[in-house]
Amino acid sequence: MKLPPKLKKKLMIITAIICMVISVSVSFGKQHNITILEALDDIITYPIEKLITVAKNKISGIIKSFKDIENLNLTNKKLQQENEELLYNNIRLMQLEKENILLKDLLDIKNRYKSYPSFGANVIGKDAGNWYKVFTIDKGETQGVSESDIVLANGALVGIVNEVNLLSSIILSIIDDRSTISVEVMRSGDTGILSGQIELSNKGLANLEVDINSDIVVGDQIITSHISDKFPPGILIGEVIEVIEINNGLVKNALVLPFVDFSTLKYVLLIERNEAIN
Amino acid sequence: MIKLRWFITISILVMSLALQNTLMEFIRIGGISPNFLTMLVVAFSLLRGKKEGTIIGLLGGLLYDLSYSHIFGIYSIGYMIVGFCCGKLHYFCYRETRILPLTCTCFASLFINTITILRFILIGNLNFLYFYFCKVLPELIYTAVLTLIIYRCIYFINDRLEEQEKKSRKLF
């Protein structure tokens, strides 16, 4: 189909204007929390992604159940032994807890360790490209997720809610190149900055930067620090697997292996941010 | 008939995005995944010309931008340019040969990844050797190999659609 040059020019101008209007509306909407286009996209893709994930989990669950019967018998025996030990330990710890509460009351720091309100969610998608480590979960604004909620799995930190859509929301994981967290070495109490790096993120590692004088060795556990205003203090993150000395006289680097396995992440736990900080 | 054509095209784009987000972990090799959107945009625009190629590129990029992109518009504009440039080659494309789609996909993948690297340059990470040899090159090879299959599928679908359109044209 040949178009006359005048009409062609008009068509080009119209296309350019449409592009500009779309990008302006999206960036304006992001500032003021009006996300029409995102909601539309969400409504289209959510059912498909959810369906595929449910089917995938069902099928892999059935296959796995056949494999696991023998293993289960063995682990069952082990767990029973462990259970007896734990029962004994539990009683001992109960006594300690009572003592702890008494002491905390004395110190008046009880309010700091409230049990945070939380709810679970399923991971239904991952960033398709090779550059970033972002996840989609199946709960959104309608289910009460809000921006910068904290995301955990297996008791360790996964990341933070970066973007909330109508039905789903997007999590920025701690190994992503865009994420930086203030952390603390559990043993010595030294603080540092944990940042994701593009070179490490495919191996599931993150980079920790601490002061040159701080005390850090391989095997140290890393938790979120008391300085951070994004995360509540004391959430487990990972373990130091390598300390790298740099000759600039200012900082030391360390590689941290998170306790969460990001390649097989399925279920996560969300903590409401406002409750956690106050 | 044109409605059917666009309905099928858009549903292919949406399905590919959804599949890429959910099932990609099964076909990742060494943490590297192929990029289906590049293949689809290149295949469609080679078969249908620059006007439709541009629109398909814009739509696909927009879908990707809305769901994951940190900086809105990078992929919409990027895939739009890819669609336009491959659409320009529409007249040189013998549909049965696979050399042109293969080379086009290679260049498109290189182009899209270079756009992505711009973000890393802006924050001061200039590790180009790592970017190109550990991220871009494996993805390019993987994508190019899979193009041979995907192009076949798109060619088949497009052929069927065009046959349908011809039939309906004869009626009137």
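Order of the sequence lines sets the chain letters (A, B, ...), proteins ahead of strands, with each chain counted from 1. Below, each value reflects all heavy atoms present in this structure, side chains not excepted, and no hydrogens, waters or symmetry copies.
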Under 4.5 Å from a heavy atom of chain B, the part of [X] involved:
| X | answer |
| --- | --- |
| A/K56 | side chain |
| A/L51 | neither |
| A/N202 | side chain |

If you count heavy-atom pairs under 4.5 Å with chain A, which of [options] comes out on top?
| options | value |
| --- | --- |
| B/L23, B/N21, B/L17 | B/N21 |
| B/V136, B/I55, B/N113 | B/N113 |
| B/N125, B/I32, B/T54, B/I117 | B/I32 |
| B/L58, B/T22, B/V14, B/N127 | B/T22 |
| B/L19, B/T116, B/N35 | B/T116 |

With distance as the sole criterion, is a donor-acceptor pair present between the side chains of [X] and [Y] under 3.5 Å?
| X | Y | value |
| --- | --- | --- |
| A/D176 | A/S173 | no |
| A/W131 | A/D177 | no |
| A/T136 | A/S168 | no |
| B/Y64 | A/D127 | yes |
| A/S263 | B/R28 | no |

inquiry  = Less than 4.5 Å to any heavy atom of chain A: does that hold for the side chain of B/F36, its backbone, both, or neither?
reply    = neither
ask   = With a 4.5 angstrom heavy-atom cut-off, which part of B/L37 approaches chain A: side chain, backbone, both or neither?
value = neither
key: Cation-pi geometry met for A/R178 and A/Y132 (6.0 Å, 45°)   = yes
query = How would you list, in number order, the residues of residues 247-260 of chain A that have a heavy atom less than 4.5 Å from chain B?
reply = none
note = Ranking A/I52, A/T45, A/I44 by heavy-atom pairs under 4.5 Å to chain B gives rank one to A/I52
query = Looking at A/Q197, A/K203, A/K126, A/E49, which one has more heavy-atom pairs under 4.5 Å with chain B than the rest?
reply = A/K126
Main-chain N/O of [Y] paired to [X] side chain as donor or acceptor, under 3.5 Å:
| X | Y | value |
| --- | --- | --- |
| A/S169 | A/N165 | no |
| A/S60 | A/N57 | yes |
| B/S45 | B/G53 | no |

request  = Kindly assign one of parallel, tilted or perpendicular to the pair B/Y151 and B/Y155, based on the angle between their ring planes and the thresholds 30° and 60°.
outcome  = parallel
task = Kindly indicate, with the supporting measurements, whether the criterion side chain to side chain contact (heavy atoms under 4.5 Å, CB included) is fulfilled by A/F231 and A/I237.
result = CA-CA 11 Å; A/F231 299 93; A/I237 293 175; over 6 Å; no
ask   = Considering residues, nucleotides and ligands other than B/I99, do more than 12 of their heavy atoms fall under 6.0 Å from its CD1?
value = no
